[in-house]
Amino acid sequence: MTDAIIIIFSSLGALFILLAAVGVLRMPDLYLRISVTTKAATLGIGLVLIGCAVYFNDLSITTRVSAIIIFLLLTAPVGAHMIGRASYFTGIKLWNKSFYDDLKGKYREDHCLKSFEEGEPDDSIEGSVRNK
Amino acid sequence: MLLAILSGFILAILLPLLKNILRGGLFILLSALPLSLFVYFLSWLPEVKAGGDLLFSYQWVPSANVNLSFQLDGLAMLFCLLITGIGSLVFIYTSSYLKGHPYLGRFYGYLSMFMASMLGLVLSDNLLLIFIFWELTSISSFFLIGFNNDSEASRKSALLALSITGIGGLFLLVGFVLLNQAGGHYSFTALLNSSPDLASHPMYGWILFFLFIGAFTKSAQFPFHFWLPGAMKAPTPVSTYLHSATMVKAGIYLLARFTPVLGETVWWNGTLTLVGGVTMLYAVIHALFRIDLKGILAYSTISALGLIVFLLGIGTPESLLAATVFILVHALYKATLFLVTGIIDHETGTRDVTRLAGLNKVMLPVGIAAFMAALSNAGIPPTFGFLGKDLIYDATLRSGSLFVLLTGAAVVTNICLLFTGFKAGISPFVGPLPQEFKQVHLPSPLMWIPPLLLASCGIVFGLFPFLIEGSLLVPAVSSLLSTAPDFHLQLWHGFNIILLLSTITIGSGIFLFYYLQSSESKLAWVSRFEPFSPKSVLVGMAKGFALFSAAWTNLWQNGKLRHYVFTIMAFLTVLLAVRFLQGIRLNLNLQSLSDLAFYDVAVLLIMATSILFAVFTKSRLQALASVGVMGFCICLIFLFYSAPDLAMTQFSIDTLTVILFVLVLQKLPGYIKEESKAIMWRDGILAFCFGTLICILALEVLQEPLHREISKYYAENAYTMAKGKNVVNVILVDFRGFDTMVEITVLAIAALGVSGLLRLSTRKPENK
Amino acid sequence: MEILLSFITGFLYASGIYLMLRRSLVKMILGLILLGNGANMLIFLLGRMVKGEPPIIPDAAKTLAGIYADPVPQALILTAIVISFGLQAFAIILMERAYKFVQTDDLDQMNSTEEDI
Amino acid sequence: MIRTKFLNNLLLSFIWLALTGSFNLGNFFFGFLLGYVIIWIMSETRWANMYLQRGFLIISFIFYFLYELVKANLQVAYDVITPKFYMKPGIIRVPLTAKSDLEITLLANLISLTPGTLSLDVSDDRKVLYVHAMYVKDKESFIESIKNGFEKRLLEILR
Amino acid sequence: MRSLIFRTAAGYLLPILLLFSVFILLRGHYLPGGGFVGGLIASIAFVLHSIANGIENTKKIFKFHPRILMPMGLCLSLFSGLSPLLVNKPFMTGLWFKEPFPVIGMVGSALFFDIGVYLVVIGVVLTIIFTILESI
Amino acid sequence: MNVHDYLYYVILPVLILSVLLIFIRFLKGPSLSDRVVSLDLLITTGIGIIAVYSIITDQPTFLDIALILALIAFLGTVAFAFFIEKIKK
Amino acid sequence: MNPLYIVLPVAFQLFTAVVLLFFWNKTNLQRGLSVAASITALALAAWLMAAVLQDGILVMQAGAWEAQFGISFVADAFSSTMVLLTSLAGLAVSIFSTSGIRSARVQLGFYPVFHLLLMGLNGAFLTGDIFNLYVWFEIIIIASFVLITLGGAKDQLEGSVKYVTMNLLASAIFLTAIAILYGLTGSLNMADLSIQVANIENRGLVNITALLFLVGFGIKSAIFPLYFWLPASYHTPPATISAIFGGLLTKVGVYAMIRVFTLIFIPDEFMLNLLIWIGGLSILSGGAGALLQNNIRRVFSYLIICHIGYMIAGLGLYTEVALVGAIFYLIHDIVVKTNLFLISGLIYKIKGSYNMKLLGGIYSSFPLLALMFAISFFSLIGIPPLSGFWAKLFLIEGSLDTGQYMVIAFITLGSFITLFVMAKMWLEIVWKKEGALPDKQSSTAYLAMPYAKRFALVFPIVLLSGALLFIGFGAEFILAVAKQIAAELKDPSAYLGAVLKRGTI
Ligand code: NA
Ligand code: NA
């Protein structure tokens, strides 16, 4: 029984990781790569780790495994955000088939991020309230 | 005895303290030291004459075979009396000559130090002790020549003299050590007994070579003579004392001393005769054209030294006697002439013979002294010089098959020496007194009495040779000979060939004195040959060495770091390769190695690629990221091969390093353009060779038997004795905790350094 | 595995040396880092490698028995890694300072101390 | 404030227990002590209130999240393994209802954690979240799906 | 850095990482870990915090300059090494309490030594990183 | 086929393959950010490899390394992001 | 002395550094503490030396783990002599620094790092474990890195880039050598290695390992052709720091080389010839470089290389007599080089320049200082009976014994160049009238200093000159020590017996 669980979890996990790997290789722009990979990998690793916890079936190891997963869940998105944001500053272009770029021109010189452009309708919640 | 020798040093050390007490004219009191030493040595005369074995030995550095052992024999006694006797007079003379000089205290210090060194030198029985004092005389001479420290010429002459005598000293040291190897002793008396073996020793030639260089440099023999005229930049008392009467005779002393030990061989005699002969002729001819009194005296001193070496080289009992006597003769008249020159210089302000004349009218006692000295120099009876000259001719005539040649050389030399003696001792005092010197007056008796005394000695000893013959000369000569000498000094030998030669010498000399007028133009003519002189040759060699030094230094130390790294690595690689080829047993046994797993291969592949990438990428950041990948791969290898602690540490440290780099890199520019392809290939080949060697080495070591006693011990005791289960950690904090202690200290220092460096950023960079 | 790892170790040494021979200060320090890693790998390799048996005494046991990796090289490498971190940190900062003061990354131009003054 | 600190301290003790894996009183007290020290060291505590009692909401949220996660993963997987790209990517400005640091951060992270979307940044006035998305059929409906999906559920838990 | 998300996350990571670092430190004698890695993790926690919140805010957490941790740690290590001299045993000899302590296990001079290492490492890394961050 | 074999002959190769693919992206770049992203992913995948390896060798100790990796990889990414942002300034 | 206490020279320096670190900003307190600690350290070292001379080799096993398993600390005649010299030089520099190092530099951590450097030196001398030696070397180099960059003027940084690089390279090579040694023997204890290495059949590997040690230590001891970092950097930091560098740092490399090549790797023919040539060419290169320089500290730097050559050549001769010469030279060189760099510092304080062309006038205004300088200058030249002479004598004897006449030629050349260079320096800075100094105020600044400050500058020089005179005139005592050291080195059975606790080896 545990063997089956382990095999299932690890297989799924490995699959997701492989997906992430293929994704990072295939995707046409940086943001898409970040997008695809961070979470596919996180999910994949999580699954493999769960398989690991099942295998050892030991409380201290399970806590350790959960700690790893928590760390990953905590750090992976933040890391993705950091690198994505920094890349945008440095002018790394979106894929040429991208449809929207709402961020364009929103960063000031001092990296201060505006919520809307001058002259553009402010559709944030308070903005919409105010407009009404 | 020890106190007698050391008293000079003690005085030299005390002088800085005494300086304030002695301020003013009281420096003359210092002459009491040499004077009392003179008396002290005189008091030993009877015992020396009796041939007593006067050995004084004190322990000092037995481990190096250096003991303070002194031997007072005839030769030593002769020199001791010269040193202390002339020393006393020079001390007295100086007190007036340098009266009021701010550095008079230092001057006396150097003088007493010199005197003590000289005494030590001639009294030592131990070769190394001789060497020690030998070097001390060079040093004192250095200080005295450079006494007028503000004058560049003085400084240069001091440096030149020290260099020449210094290199001679080094040769002498090697010679002494060789002598010890060959003879088995540093003690001179012990060596004396093994002398027959020495001459047949395979190193005999080398011993002579080193000894001769030492002696020739010190005694200003051709081609090392040229430092001596420069040394005349020193105040005249120094020239008198060191460079005519005593120090330059140290080399002579050494040769004389070693005659019984090493002499009586063709090499010994031939070299000395040749070098001495060349020196005496070469120098004396130079002396003819000088116009500076001191220059004349300097060259004639060299010539006289050459003459003594020449006599020592002939090596017959007669010639040794002649040499001994001439040492004394020369010391007496040359010291006088120097002191007189000093007075002239002091009173008239010039030493130019073309300008000096008629000084008899203003300083008669000085003139008398000079006249007597010149007579002795000329060898005119009844001076002591006449005796000396007789003995010289006697020696050359009996010198064997080459006697005609040797005698001829001696005659020519003596003729010219006579000329120089007259030039220095007579011509300034005769003739009309020029207007400019009308105001000149006789100096203090402290200055003219010493030369007068010395010159009178020259006459007295000539008239009454028995005064010194038995007590001084016989013991001195007997220390040079294995057999007891049999001679009797007297002025009148009857009409013989020697008298004829003397007459010829005197006559030609006086003739020369009348017809050869020194002048600037003649001096200039002579100086055209300067480029061929030994000095120019040696200076040229020195310049050549300086050029070589510059080329050599720039070859290695060219300011480029990568050149240095290349040299170091090339050196290591070549040596390693040589060692490899010299015999390493290559036996690669693949069976003993573990198998490959696919993940190993993958990790290593990634690692290799990332290293390549790091090396060849054009961007620093990409290189850095590649290094990060490499670190990660290493971490995985550590993991696969059972090193979890390592994997953890490697990874965390690597990340930290990358972060540091990243934080710093933002300030740096891009890579500069690389150099030529050729250099890259060169470096690449070197790196490849080194890497290959390391690789082969590693594989080879893996074939060696495995020793694991230590790790087994750790594995067994980690828990039972050190109470830990992670053996690596137990090693870190317990078995080898000392390492860790130091390691964290390294970290702490690094942190201090980093913060120190960065806290400077508040200060302005010092840009040009 | 040992064969491949010795290749890699040799390769680390070679690339470290090659980078140290470049003109750029940054490359030089990267070279030093590679060289340090090479030395560590060499210790690891020559201490003989064992797969999957870390030198940790199991819960029940009191001594390590059977096959286990040699802990000594591991301790040595650990010490070496930490030390080289300290040294590298210093070198990196020094590099930055040198750049700031000399205004170049080119080692060939950092030779004013060797011009005779 | 003191209560929050105490709760935090308790939480840290439990994390400690979980990490060490040995549940006994001594260990708990030690963990508590450690937690206390850490909180004392940090003069300024940043973590906000955690309302553990809202367990149900949390559990339902976790399931919702997992569902979204798997669904989105599959969608991306399909796109990745098939040769042709079906995606319509773009950066979308999503107005925020979430106010506090924690709310915004959690929301942004959750968005990032699902495949196909990535929170790029929050505007400095905290009004807008910029999201990079792979499948933007229509800007309005995308914004709507986030506001009514993650944000709404998250705020239910947190407020 | 001007990132709300990062700042918030770093705030939460700090205590967790610190706790984790102590955990790694104490278990080092039995399992992988120890003062060195523990110290690194603790310092990473502070580094993250300082990158996110700015160096000044991180410094406020400390009541003192982190540099002081270095001599403190060195002192601890040195004295745990020297203490055996008092009972006439060589430098660095392990001295142990007879009974194991709850949770931590056996306590001996090696533990204090490791704590010393831990403190030094924190002091070192923070001194280095803080000065760099301050200078840029 | 038991669990060990399955993990060793199926899962581990898949993970290794992923690592190789990610590494190709690392080499290709083109931007620094791409490399940082692939480095991050490389390390994350490494955590998976460690988990599998710890099962294969029956050494749960290795999971501790995975923990460290999870923590520290993040720091690297943050630092690079910090750097990328700074040079832009 | 209880052998347990031989760790004290190390532990005490660390303790001092820790205490100093607590008083980070109190510069005057740091100065006082440093001097007091240095005096204590000297007393400790003298005590250690006396104990070793009286009781023979003392061994302490760290952690009470027996030899080969734990780290051995060994005080034999050689190591205790080196510790004593380190403490002596340390005291001199410490006193000098109270006036020679400005408060700004003190606040950058001069004193703690200085004492940690001394700790590293003592550790390197006392340890009996090869890896532990590596670790001590690292302490030494990192501390020297910090000191050489301290205060970070531009040329200091440029020089230290080279210094740092080449020292790190040396460390990597050293570590490589240790890796191979451990791979071959599985041991790190030097006494144990001595036995193990002798038993290795594959001599080729042993020879190669020896070569790596040679180059690793060779870079640190600045021998030909590995010395380049030295002339590039030693003249850049404040003179106080150069003094400790010039006196001790290269010597620790020489110490390690002598230790390793007498205890672990007994050199074969090839190695001996290599050492002799390296020694000779070091003499030539150092001498040639020294001839060209005008900066007095660069002259001293090149002379360091030149004189290291004597010691290496002495090691290459490998007879007891030659080793006596090398050891004696080592002892003399530590004192004299420290003193020369201190002198250069004093001159700089007085005149504000290191340039011989500009300097001068010491003879007329500071005659007693000139006397002090003379002692060091002439000791360096080896004017008998000053200290340099005795070593040279034994080296010449040693080379004649072995028929290595090449060494004599090199020694003669080196001695002559030293003589010439030092005499020239004497002419330039003592006798000559001073030239147009760039910074005229500094010469009056010295006279304006309070008496205590001037005393702090002059006293260490007097102290070391006294030591030099003692080495020269008390050569019997030094020679006895050197002979004991050489005997222990040539026949390490006493060392092995003491460390491995085996009666007979
Ligand atoms: Na360690
Ligand atoms: Na997403």
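Reminder, nothing fancy here: chain letters follow the sequence lines and each chain counts from 1.
For B/Phe176, no part lies under 4.5 angstrom from a heavy atom of chain G. Heavy-atom distances place both the backbone and the side chain of B/Ser549 under 4.5 Å from chain G. If you measure heavy-atom distances from G/Ile417 to chain B, the contacts under 4.5 Å come from the side chain alone. Looking at B/Ala550, both its backbone and its side chain come within 4.5 Å of chain G, counting heavy atoms on both sides. B/Ile139 touches chain G through its side chain: at least one heavy atom from C-beta onward sits under 4.5 Å away, while N, CA, C and O do not. Looking at G/Leu413, the atoms closer than 4.5 Å to chain B (heavy atoms on both sides) all sit in the side chain, from C-beta outward. Only the side chain of G/Thr165 has a heavy atom closer than 4.5 Å to any heavy atom of chain B. With a 4.5 angstrom heavy-atom cutoff, G/Tyr134 does not touch chain B via any of its atoms. When heavy atoms are compared at a cutoff of 4.5 Å, G/Asp129 approaches chain B solely by way of its side chain, counted from C-beta outward. Residue contact with chain G, scored on non-hydrogen atoms closer than 4.5 Å, is absent for B/Val754. Only the side chain of G/Ile200 comes within contact range of chain B, with heavy atoms under 4.5 Å apart. The part of B/Ala158 that comes within reach of chain G is its side chain, from C-beta onward, which places non-hydrogen atoms under 4.5 angstrom from that chain. Contacts of B/Phe738 with chain G are made by both backbone and side-chain atoms, with heavy-atom separations under 4.5 Å. If you measure heavy-atom distances from G/Leu117 to chain B, you find no contacts under 4.5 Å at all. Within the 4.5 angstrom heavy-atom criterion, no atom of B/Phe133 approaches chain G. G/Ile173 touches chain B through its side chain: at least one heavy atom from C-beta onward sits under 4.5 Å away, while N, CA, C and O do not. Residue B/Arg708: no heavy atom, backbone or side chain, is found under 4.5 Å from chain G. Contacts of B/Asn558 with chain G are absent, with no heavy-atom separation under 4.5 Å from either backbone or side chain.
Using modelled atom types, one finds a donor on one side chain and an acceptor on the other under 3.5 Å when comparing B/Glu704 with G/Asn202.
Side-chain rings of B/Phe143 and G/Trp426 approach one another, their centers coming within less than 6.0 Å. Ring centers of G/Tyr405 and B/Trp206: at least 6.0 Å apart, outside the cut-off. The ring of G/Trp431 has its center closer than 6.0 angstrom to the ring center of B/Phe142.
Residues B/Leu170 and G/Lys392 come closest through the heavy atom pair CD2-NZ, 4.4 Å. Closest approach of B/Gln557 to G/Tyr227, counting heavy atoms only: OE1-CE1, 3.3 Å. Residues B/Leu752 and G/Pro112 approach most closely at CD1-CB, 4.4 Å, considering heavy atoms. Contact record, G/Val215 with B/Leu572: CG2-CD1, 3.4 Å, taken as the closest heavy-atom pair. Taking both residues in full, the closest heavy atoms of G/Phe394 and B/Ala64 are given as CE1-CB, 3.6 Å, listed atom of the first, atom of the second, then distance. The minimum heavy-atom distance between G/Leu184 and B/His707, with the atom names listed, is O-CD2, 3.2 Å.
The distance from the CD atom of B/Glu135 to the CG atom of G/Leu419 is 8.0 Å, given to the nearest 0.5 Å. Taking CD of G/Glu397 as the start and CG of B/Leu128 as the end, the distance is 7.0 Å to the nearest 0.5 Å. Atoms CH2 and CG, from B/Trp552 and G/Leu292 in turn, are 13.5 Å apart once rounded to the nearest 0.5 Å. We find the CG-CG distance between G/Leu393 and B/Leu173 to be 6.0 Å, quoted to the nearest 0.5 Å. In this structure, B/Ile568 CD1 and G/Ile219 CD1 are separated by 4.5 Å, a value rounded to the nearest 0.5 Å.
Counting heavy atoms from C-beta on, the side chains of G/Met271 and B/Arg579 come closer than 4.5 Å.
For chain G, the option among B/Leu178, B/Ile167, B/Leu129, B/Leu555 with the highest count of heavy-atom pairs below 4.5 Å is B/Ile167. Of the listed residues (B/Phe545, B/Tyr714, B/Trp60), the one with the most heavy-atom contacts under 4.5 Å to chain G is B/Trp60. Interface check for chain B: of the options G/Trp390, G/Phe145, G/Phe420, the most heavy-atom pairs under 4.5 Å are formed by G/Trp390. Most heavy-atom pairs under 4.5 Å with chain B, from the set G/Gly186, G/Ala64, G/Pro225: that is G/Pro225. Taking G/Phe477, G/Tyr182, G/Phe473 one by one and counting their heavy-atom pairs under 4.5 Å with chain B, the maximum is reached by G/Phe473. Of the listed residues (B/Leu136, B/Leu693, B/Leu575, B/Asn180), the one with the most heavy-atom contacts under 4.5 Å to chain G is B/Leu575.
Ring-plane geometry between B/Tyr103 and G/Tyr363 is classed as perpendicular, the angle between the planes exceeding 60 degrees on a 0 to 90 degree scale with a lower cut at 30. Ring geometry for B/Tyr713 versus G/Trp65: interplanar angle over 60°, hence perpendicular rather than tilted (30 to 60°).
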